[in-house]
*Asks:* 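Please read through the structure below; I'll follow up with questions.
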Amino acid sequence: AKRSGGSCALCYDTHMASGASADQLQLQQDLREALQRGELALHFQPKVSALGGTLHGVEALLRWRHPERGMISPAVFIPVAERFGLIGRIGDWVIEQACEQVASWQAQGLVCRVAINLSAHQLRQPDLARRILSTLERHGLEPSLLVCELTETAMMESIQDGCGVLDELDAAGVRVSIDDFGTGYSSLSYLRRLPASQLKIDRSMVIGVDVDRQARAVLESVVKLAHALDMEVVAEGVETEAQRQVLAEAGCDVLQGYLFARPMDAMALQDWVRGRPTTAAPVSSLSASSD
Ligand code: C2E
Ligand code: MG
Ligand code: MG
Ligand code: MG
């Protein structure tokens with residue numbers, strides 16, 4: 001990573017020519033400094049079991065508190081990070097922070113699985129799996145405590161590239177999860193080729209399941225298909241009790257959404273967990289649905 005002003009001026013020209021907006025250029029400039037300045041943080045959103053409502057794990061979601069603009073959504077800055085080649089460093093920071101947090105919770109007696117989001121760009125790093133596994137090891141964590149969430153498109157690209165990162169993670173016991181299922185092409189025949197043990201049904205597929213017979217039919221078939229492929233099913237973006245009920249009846253294993261909890265910082269999450277009826281499942285029962 002070059003730091004000289006000269007090379008940045010060069011970047012500027014190149015990206016201007018490739019059509020980046022002045023706003024994006026400013027953001028990428030700020031993002032370069034955000035890590036060192038401690039402006040990035042992970043928030044954690046619980047996932048609960050559909051039946052008992054016990055904590056199943058948490059998803060780490062990146063937050064950026066910009067000094068002038070306030071909170072900027074990852075939906076805005078992650079694409080900027082990808083475009084300007086910053087996602088590698090930011091992704092590494094996320095992996096490190098997530099592992100550090102889980103190790104710290106574990107030391108306090110809270111055993112909790114954590115999911116991180118990986119972008120397609122990160123999967124192009126051939127040593128990604130090795131680095132993830134060594135980070136887990138350095139923190140004394142079982143690989144089964146980590147879940148990697150990726151969109152279908154990212155997974156398919158990675159498999160076509162043939163770099164084997166996903167297979168390596170899967171073989172080591174890290175869980176791979178298909179994020180935002182139902183927003184891409186959702187090619188059903190491809191589904192069985194993906195080395196994933198979890199499928200996350202996107203919020204867009206959850207909306208309406210309580211009022212629309214057809215939406216419910218789609219949901220039920222996706223759940224059946226995923227189970228037939230030995231995948232655990234998570235529904236995301238659950239906001240209402242009516243949705244929760246239909247999702248549980250349809251056989252979803254795990255639920256996540258504002259109905260249960262919003263993403264929150266690590267301290268708030270600890271408080272949230274303490275207020276629950278039962279704590280996390282013991283490590284021995286963490287392995288994927290082995291029925
Ligand atoms: P995602 O992984 O699909 O995460 C779900 C998003 O839905 C999160 O938005 C979450 O805050 C939001 N959400 C959760 N429950 C509900 C609900 O009940 N209703 C509604 N309306 N929304 C809900 P967020 O945190 O803004 O993240 C947006 C996306 O940014 C994520 O989508 C993920 O693709 C990406 N992202 C976040 N953190 C990271 C990261 O560390 N690395 C990478 N590569 N991408 C990340
Ligand atoms: Mg996700
Ligand atoms: Mg998602
Ligand atoms: Mg999403």
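Reckoned from all heavy atoms, side chains included, excluding hydrogens, waters and symmetry mates. For clarity, every value in this text was computed on a predicted model and none was experimentally measured. Ligands are counted one by one from 1 in listed order, and the atoms in each one are counted from 1 as well.
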*Asks:* Could you tell me if D202 and S204 have a donor-acceptor pair between their side chains, going purely by distance under 3.5 Å?
*Replies:*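 Distance-only check passes for S204 and D202.
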*Asks:* Do any heavy atoms of E59 fall under 4.0 Å from ligand 1?
*Replies:* yes
*Asks:* Please determine whether a side-chain nitrogen of the Lys or Arg among D30 and R37 lies less than 4.0 Å from a carboxylate oxygen of the Asp or Glu.
*Replies:* no
*Asks:* Heavy atoms only: which of L259, N117, I207, L150 lies closest to atom 2 (O) of ligand 1?
*Replies:* N117
*Asks:* Counting each atom of ligand 1 from 1 as listed, which ones have a heavy atom of R203 under 4.0 Å away?
*Replies:* 19 (N), 20 (C), 21 (N)
*Asks:* Would you say the side-chain atoms of E149 and S177 include a donor-acceptor pair closer than 3.5 Å?
*Replies:*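 Side-chain D/A pair, E149 to S177: absent.
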*Asks:* Any side-chain heavy atom of V48 sitting closer than 4.5 Å to one from Q256?
*Replies:*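 No. Closest side-chain heavy atoms not under 4.5 Å.
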*Asks:* As an exercise, identify every atom of ligand 1 less than 4.0 angstrom from a heavy atom of V94.
*Replies:* 41 (O)
*Asks:* Could you confirm whether D179 has any N/O/S atom lying under 2.8 Å from the Mg ion (ligand 3)?
*Replies:* yes
*Asks:* Quick check: do M156 and Y190 have side-chain heavy atoms less than 4.5 Å from each other?
*Replies:* yes
*Asks:* Within the 4.0 Å heavy-atom shell around D179, which atoms of ligand 1 are there?
*Replies:*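 Ligand 1 atoms under the 4.0 Å threshold to D179: 1 (P), 2 (O), 3 (O).
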*Asks:* At a non-hydrogen distance cut-off of under 4.0 Å, which region of P263 contacts ligand 1 (side chain, backbone, both, or neither)?
*Replies:* side chain
*Asks:* For R63, is the nearest heavy atom under 4.0 Å from an atom of ligand 1?
*Replies:*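 Yes; R63 lies near enough to ligand 1 that a heavy-atom distance drops under 4.0 Å.
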*Asks:* Would you say T153 and E157 are linked by a side-chain donor-acceptor pair, where the criterion is simply a distance under 3.5 Å?
*Replies:* no
*Asks:* From E149, does some N, O or S atom reach closer than 2.8 Å to the Mg ion (ligand 2)?
*Replies:*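 Yes, within the cut-off.
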*Asks:* In E59, which N, O or S atom comes closest to the Mg ion (ligand 2)?
*Replies:*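 It is OE2 of E59.
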*Asks:* Starting from the Mg ion (ligand 3), look over the N/O/S atoms of E236 and name the nearest one.
*Replies:* OE2
*Asks:* Which of the numbered atoms in ligand 1 are below 4.0 angstrom from a heavy atom of S119?
*Replies:* 44 (N)
*Asks:* Kindly check if the number of other-residue, nucleotide or ligand heavy atoms within 6.0 Å of CZ (R65) is above 12?
*Replies:*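 No, not enclosed.
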*Asks:* Which option out of P74, G237, A60 puts a heavy atom nearest to atom 30 (O) of ligand 1?
*Replies:* P74
*Asks:* Where's the contact between Q122 and ligand 1, heavy-atom distance under 4.0 Å: side chain, backbone, both or neither?
*Replies:*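 It is the side chain that touches ligand 1; the backbone stays farther off.
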*Asks:* Between W272 and F260, does a ring-ring contact (aromatic ring centres under 6.0 Å, His included) hold up when you go through it step by step?
*Replies:* CA-CA 10 Å; W272 186 87; F260 309 98; 8.5 Å; no
*Asks:* Side chain, backbone, both or neither: which part of V238 has a heavy atom under 4.0 Å from ligand 1?
*Replies:* backbone
*Asks:* Find out if a path of hydrophobic residues (ILVMFWY) with successive side-chain heavy-atom gaps under 4.5 Å connects I207 to L219.
*Replies:* no
*Asks:* Would E59 and Q45 count as having a side-chain donor-acceptor pair, cut-off 3.5 Å?
*Replies:* no
*Asks:* Examine all N, O or S atoms of D180, backbone included, and report whether one is under 2.8 Å from the Mg ion (ligand 2).
*Replies:* no
*Asks:* Grouping I, L, V, M, F, W and Y whenever their side-chain heavy atoms are under 4.5 Å apart, do V211 and V222 come out in a common cluster?
*Replies:* no
*Asks:* Considering distance alone, does some N or O of E239 sit under 3.5 Å from an N or O of ligand 1?
*Replies:*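 N/O-N/O distance below 3.5 Å exists for this pair.
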*Asks:* Calculate, to the nearest 0.5 Å, the distance between atoms NE2 and CG belonging to H121 and L128 respectively.
*Replies:*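 One gets 13.5 Å once the value is rounded to the nearest 0.5 Å.
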*Asks:* Would you say S177 reaches the Mg ion (ligand 2) with an N/O/S atom under 2.8 Å?
*Replies:*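 No, outside the cut-off.
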*Asks:* Mind checking the CD-CG spacing from Q101 to L269? Nearest 0.5 Å is all I need.
*Replies:* 8.0 Å
*Asks:* Run the numbers for me: atoms of ligand 1, each under 4.0 Å from some heavy atom of G257, listed by number.
*Replies:* 15 (N), 18 (O)
*Asks:* Between L40, I116, L62, which one has a non-hydrogen atom sitting closest to atom 38 (N) of ligand 1?
*Replies:*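 Result: the heavy atom closest to atom 38 (N) of ligand 1 is in L62.
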*Asks:* Heavy-atom contacts under 4.0 Å between Q45 and ligand 1: side chain, backbone, both, or neither?
*Replies:*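 Side chain only; the backbone of Q45 stays clear of ligand 1.
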*Asks:* Would E82 count as a contact residue for ligand 1, given that I'm defining contact as a non-hydrogen atom of the residue lying under 4.0 Å from a ligand atom?
*Replies:* no
